[in-house]
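Worksheet: one structure, shown below.
Bear in mind the structure is a predicted one, so any value in this text is a computation, not a measurement.
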Amino acid sequence: MDKKAMYKLTYGLFVLTAKEGEKDNGCIVNTVSQVTTSPNRVTLAVNKTNYTHDMILRTGLFNANILSVETPFEVFKHYGFLSGAEVNKFENADNFPRTESGLIYLPEYANAYISGKVITATDLGTHTLFLADVVDAKVLSDADSLTYEYYQSHIKPKPEKAKKTGWRCKICGYVYEGEELPPDFICPWCKHGAEDFEKITVE
């Protein structure tokens, strides 16, 4: 076990992987926390509506792949926005390496992984809180771990600003916001008429 991998847990976004029978699945979580160091134990909270939750509840095994700052948004779309009950998230499962527990880990975009074996599962209403022994841990790269704050400010796409149509005076630059420019409109700045305005799209 590489204990350096445990330090990377201090941060915050993971791809959780699990397997039941022939089915592999994964989802995004931000709820893995180390609770003891001797032995190494972690807690993991997973929403009950998540298909991965059911796999962990039945098998008692999971991998937490600790994402790095190099992770693109497509990874979040794939593992976080789609239900594993409806989509096969590992169509090319044979191309992924596996830990000793038989679960997939991500060699790309994860800077470390830990493998957990569940000791107890506590019902918290919407979530189940798993307490698990860490049975395997490995550092995969030196890249910084991805925090939720970094994800929000650097990876998550910014919402598009609402765009409004308008008209700009070619003489002084005054912008009239509106779909249609009245034919008798007079620019309040330079006093030129509507014939000196051009249609634009403004932020």
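- Residues Leu61 and Leu106 fall into different hydrophobic clusters, defined by Ile, Leu, Val, Met, Phe, Trp and Tyr side chains chained together at heavy-atom separations under 4.5 Å.
- The side-chain contact (heavy atoms from CB on, under 4.5 Å) check on Thr43 picks up Ser33, Val35, Leu129, Leu131, with sequence neighbours excluded.
- Partners of Val118 by side-chain contact (heavy atoms from CB on, under 4.5 Å), not counting sequence neighbours, listed by chain and number: Ile56, Phe62, Phe130.
- Applying the salt bridge (charged side-chain N to carboxylate O under 4.0 Å, His left out) test to pairs two or more places apart or on separate chains, those with a residue in residues 96-118 are Asp24-Arg98.
- Every residue was checked against the side chain to side chain donor-acceptor pair (under 3.5 Å) condition with Thr31, not counting sequence neighbours, and none meets it.
- Between Asn63 and Ser101 there is a side-chain heavy-atom pair separated by less than 4.5 Å.
- Taking 4.5 Å as the limit, some side-chain heavy atom of Cys27 sits within range of a side-chain heavy atom of Val29.
- Applying the side-chain contact (heavy atoms from CB on, under 4.5 Å) test to Pro39 and every residue at least two apart in sequence or in another chain returns Arg41, Asp133.
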I'd like a table of donor-acceptor pairs (distance under 3.5 Å, sequence neighbours excluded) in which one partner is a side-chain atom from residues 89-97, with atom names and distances.
from, atom 1, to, atom 2, distance (Å)
Lys89, NZ, Gly26, O, 2.8
Lys89, NZ, Tyr79, O, 2.8
Lys89, NZ, Leu82, O, 2.7

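- One distance of note links CD of Glu149 with CG of Leu13; it measures 11.5 Å at 0.5 Å rounding.
- Taking all atoms of both residues into account, the shortest heavy-atom contact from Trp167 to Ile200 is N-CG1, 4.0 Å.
- Here the closest heavy-atom approach between residue Val42 and residue Ile114 is recorded as CG1-CD1, 3.9 Å.
- The side chain to side chain donor-acceptor pair (under 3.5 Å) pairs that include a residue from residues 50-59 are Glu20-Arg58, Asn25-Thr52, Asn50-Thr52, His53-Thr128, where partners are two or more places apart or lie in different chains.
- Contact detail for Asn40 and Thr37: the closest heavy-atom pair is OD1-O, 3.3 Å.
- For Phe81 and Phe73, the gap between ring centers is short of 6.0 Å.
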- Task: For Tyr113 and Phe14, run ring-ring contact (aromatic ring centres under 6.0 Å, His included): C-alpha distance rounded to whole Å, both residues' side-chain angles, the deciding distance at 0.1 Å, then the answer.
- Result: CA-CA 9 Å; Tyr113 71 78; Phe14 314 85; over 10 Å; no
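- Taking all atoms of both residues into account, the shortest heavy-atom contact from Ile155 to Pro72 is CG2-C, 4.2 Å.
- Legend: residues meeting side-chain contact (heavy atoms from CB on, under 4.5 Å) with Glu70, ordered by chain and number and at least two apart, are Ser68, Ala143.
- One distance of note links CD1 of Ile104 with OG1 of Thr17; it measures 7.0 Å at 0.5 Å rounding.
- By the 6.0 Å contact criterion, NZ on Lys199 is enclosed, its count of non-hydrogen atoms from other residues, nucleotides or ligands being greater than 12.
- Considering only residues two or more places apart in sequence or on other chains, Glu179 meets the side chain to side chain donor-acceptor pair (under 3.5 Å) condition with Thr165.
- The distance from the OG1 atom of Thr99 to the CG atom of Asp136 is 6.0 Å, given to the nearest 0.5 Å.
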Using residues 120-127 as the side-chain source, report each donor-acceptor pair under 3.5 Å to any protein atom, sequence neighbours left out, with the distance given to one decimal.
from, atom 1, to, atom 2, distance (Å)
Asp123, OD1, Lys48, NZ, 2.7
Asp123, OD1, Gly125, N, 2.7
Asp123, OD2, Lys48, NZ, 2.9

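- Listed for the Asp196 side chain is no donor-acceptor partner under 3.5 Å among the backbone atoms of Lys170.
- The shortest heavy-atom contact between Pro107 and Tyr105 is CD-O, 3.3 Å.
- Here Gln152 pairs with Tyr148 under the side chain to side chain donor-acceptor pair (under 3.5 Å) rule; sequence neighbours left out.
- Two residues are said to be in side-chain contact when any heavy atoms from C-beta on lie closer than 4.5 Å; Ser145 and Asn111 meet this criterion.
- One hydrophobic cluster, built from ILVMFWY side chains closer than 4.5 Å, holds both Val69 and Leu67.
- Nearest approach of Leu44 to Leu16, heavy atoms of both residues: CD2-CD1, 3.7 Å.
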Determine whether Phe197 and Tyr176 satisfy the following criterion, ring-ring contact (aromatic ring centres under 6.0 Å, His included), listing intermediate values before the conclusion. CA-CA 9 Å; Phe197 278 72; Tyr176 172 87; 7.4 Å; no
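- Applying the side chain to side chain donor-acceptor pair (under 3.5 Å) rule to Asn88 yields no partners; only residues at least two apart in sequence or on another chain are considered.
- Placement of Met55 and Ile28 in two distinct hydrophobic clusters is found when ILVMFWY residues are connected by side-chain heavy-atom separations under 4.5 Å, directly or transitively.
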